[in-house]
Amino acid sequence: MLDPHAPSFPPGHTRRPPRDRIPPSVRTSSARRTTTQRAAAYYRARGVAVLRISVGVIYCWFGVLKLFPAASPAEEIAAAATTKLTGGLLSSHVSLPLLGTAETLIGLALVTGLLLRPALALFFAHMAGVFTSLALLPGQMWHHGVPTLEGQYVLKNLVLVAACLAATADELTR
């Protein structure tokens with residue numbers, strides 16, 4: 001005997017759950033879903049390397065600019081911060097080429113993956129100096145508690161730090 005309360009469907013029809021209960025990944029066509037999932041898996045396996053190489057390219061670019069006088073927009077602030085950090089022991093004529101060389105070497109190591117652990121250690125030491133400039137040069141970094149353009153230039157490095165934290169975690173788990 002048939003249940004009088006059961007919903008009736010035409011013969012050969014299978015009951016499907018309401019559309020709003022089906023996860024979006026299942027609602028898409030199987031070919032598109034497969035391509036999307038493959039692309040996600042491909043990037044997931046290489047995402048940290050992409051971050052590492054991207055930061056390396058940026059570091060190479062900023063480092064090379066510091067090797068040429070008046071080429072870097074950060075030259076003045078980098079010189080002032082380095083002079084303060086070293087207590088005036090290094091002039092900007094010495095500190096900027098050293099800083100540019102260090103940044104370029106860090107960048108090359110991040111891009112190639114060679115000597116990665118020492119480069120990451122040097123990266124974090126460099127970032128400590130960069131962020132220290134926020135306190136050492138308050139007149140140049142802040143205006144009424146709001147970061148100046150120079151301060152924003154320093155604060156954007158939080159993204160580079162996050163990327164290198166991911167690269168460090170990846171390297172240490174190998």
Side-chain angles (χ1 to χ4, degrees), residues 35-174:
T35 302
T36 302
Q37 287 175 339
R38 273 189 265 153
Y42 181 85
Y43 183 76
R44 188 179 307 117
R46 293 159 182 82
V48 174
V50 170
L51 285 173
R52 178 178 52 77
I53 292 167
S54 298
V55 172
V57 169
I58 290 168
Y59 249 72
C60 283
W61 181 258
F62 288 164
V64 168
L65 287 178
K66 286 183 182 75
L67 297 174
F68 299 98
S72 172
E75 184 175 308
E76 187 178 313
I77 200 77
T82 306
T83 301
K84 275 262 192 177
L85 275 170
T86 63
L89 294 175
L90 290 177
S91 71
S92 62
H93 298 307
V94 175
S95 66
L96 283 177
L98 284 175
L99 187 58
T101 301
E103 288 178 359
T104 304
L105 291 173
I106 292 168
L108 288 172
L110 290 171
V111 168
T112 64
L114 299 173
L115 299 173
L116 192 52
R117 289 182 183 202
L120 286 165
L122 188 55
F123 167 84
F124 288 113
H126 177 252
M127 281 293 118
V130 168
F131 284 108
T132 301
S133 67
L134 292 169
L136 290 176
L137 306 167
Q140 291 173 278
M141 298 291 175
W142 306 97
H143 181 71
H144 301 297
V146 177
T148 62
L149 191 58
E150 291 84 357
Q152 292 174 46
Y153 188 81
V154 169
L155 290 171
K156 64 99 173 86
N157 288 311
L158 288 171
V159 176
L160 303 182
V161 169
C164 282
L165 284 171
T168 301
D170 184 64
E171 178 65 18
L172 294 176
T173 57
R174 290 180 183 254

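Here, residue 1 is the first one in the sequence, and each next residue gets the next number.
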With a cut-off of 3.5 Å and sequence neighbours excluded, list every side-chain donor-acceptor pair involving residues 92-100.
| unit_1 | atom_1 | unit_2 | atom_2 | d |
| --- | --- | --- | --- | --- |
| Ser95 | OG | Ser91 | O | 3.2 |

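For the salt bridge (Lys or Arg N to Asp or Glu O under 4.0 Å) condition, the pairs that include at least one residue of residues 95-110, sequence neighbours left out, are Lys66-Glu103.
Of all the heavy atoms in Pro69 and Glu75, the pair that sits closest is C-OE1, 3.7 Å. What you find for Phe131 and Leu155 is that their closest heavy atoms are CE2-CA, 4.3 Å. The two residues Leu51 and Ala166 come nearest to each other via the heavy atoms CD1-CB, 4.3 Å. Taking every heavy atom of both residues into account, Cys60 and Gly107 meet most closely at SG-C, 3.5 Å. Between Ala135 and Pro138, the shortest heavy-atom contact is O-CD, 3.3 Å. Annotation for Met141 and Leu134: closest pair CG-CA, 3.9 Å, computed over non-hydrogen atoms.
Other residues, nucleotides and ligands contribute at most 12 non-hydrogen atoms within 6.0 Å of the CZ atom of Phe68. Remark: Tyr43 OH is packed, more than 12 non-hydrogen atoms of other residues, nucleotides or ligands lying under 6.0 Å away. For Leu165, the CG atom sits in a packed shell: over 12 heavy atoms of surrounding residues, nucleotides or ligands are nearer than 6.0 Å. Heavy-atom neighbours of Glu76 CD from other residues, nucleotides or ligands within 6.0 Å: at or below the threshold of 12.
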Review point. What's the verdict on side-chain contact (heavy atoms from CB on, under 4.5 Å) for Leu120 and Leu110, showing C-alpha distance, side-chain angles and the deciding distance?
Key: CA-CA 8 Å; Leu120 286 165; Leu110 290 171; 3.8 Å; yes
Practice item. Please test Phe124 against Thr168 for side-chain contact (heavy atoms from CB on, under 4.5 Å), starting from the C-alpha separation and ending with a verdict. Key: CA-CA 10 Å; Phe124 288 113; Thr168 301; 3.3 Å; yes
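Here CG of Leu149 is found 6.0 Å from CD of Gln152. Values are rounded to the nearest 0.5 Å. The distance from atom CG of Leu136 to atom OG1 of Thr83, rounded to the nearest 0.5 Å, is 11.0 Å. Rounded to the nearest 0.5 angstrom, Ile106 CD1 and Thr101 OG1 are separated by 11.0 Å. Between Arg44 atom CZ and Gln37 atom CD the span is 9.0 Å, to the nearest 0.5 Å. To the nearest 0.5 Å, atom CG of residue Leu65 and atom OG1 of residue Thr104 are 9.0 Å apart.
For the side-chain hydrogen bond (donor to acceptor under 3.5 Å, both in side chains) test, residues two or more places apart in sequence or in another chain that qualify with Glu171 are Arg117.
Judged by distance alone, with hydrogens and angles left aside, the side-chain atoms of Thr148 form a donor-acceptor pair with the main-chain N or O of Gln140 at under 3.5 Å. One N or O on the side chain of Ser133 and one on the backbone of Val130 form a donor-acceptor pair closer than 3.5 Å.
Arg52 places a side-chain heavy atom less than 4.5 Å from the side chain of Leu116. Val55 places a side-chain heavy atom less than 4.5 Å from the side chain of Cys164.
The aromatic rings of Tyr153 and Phe62 sit tilted, their planes meeting at an angle between 30° and 60°.
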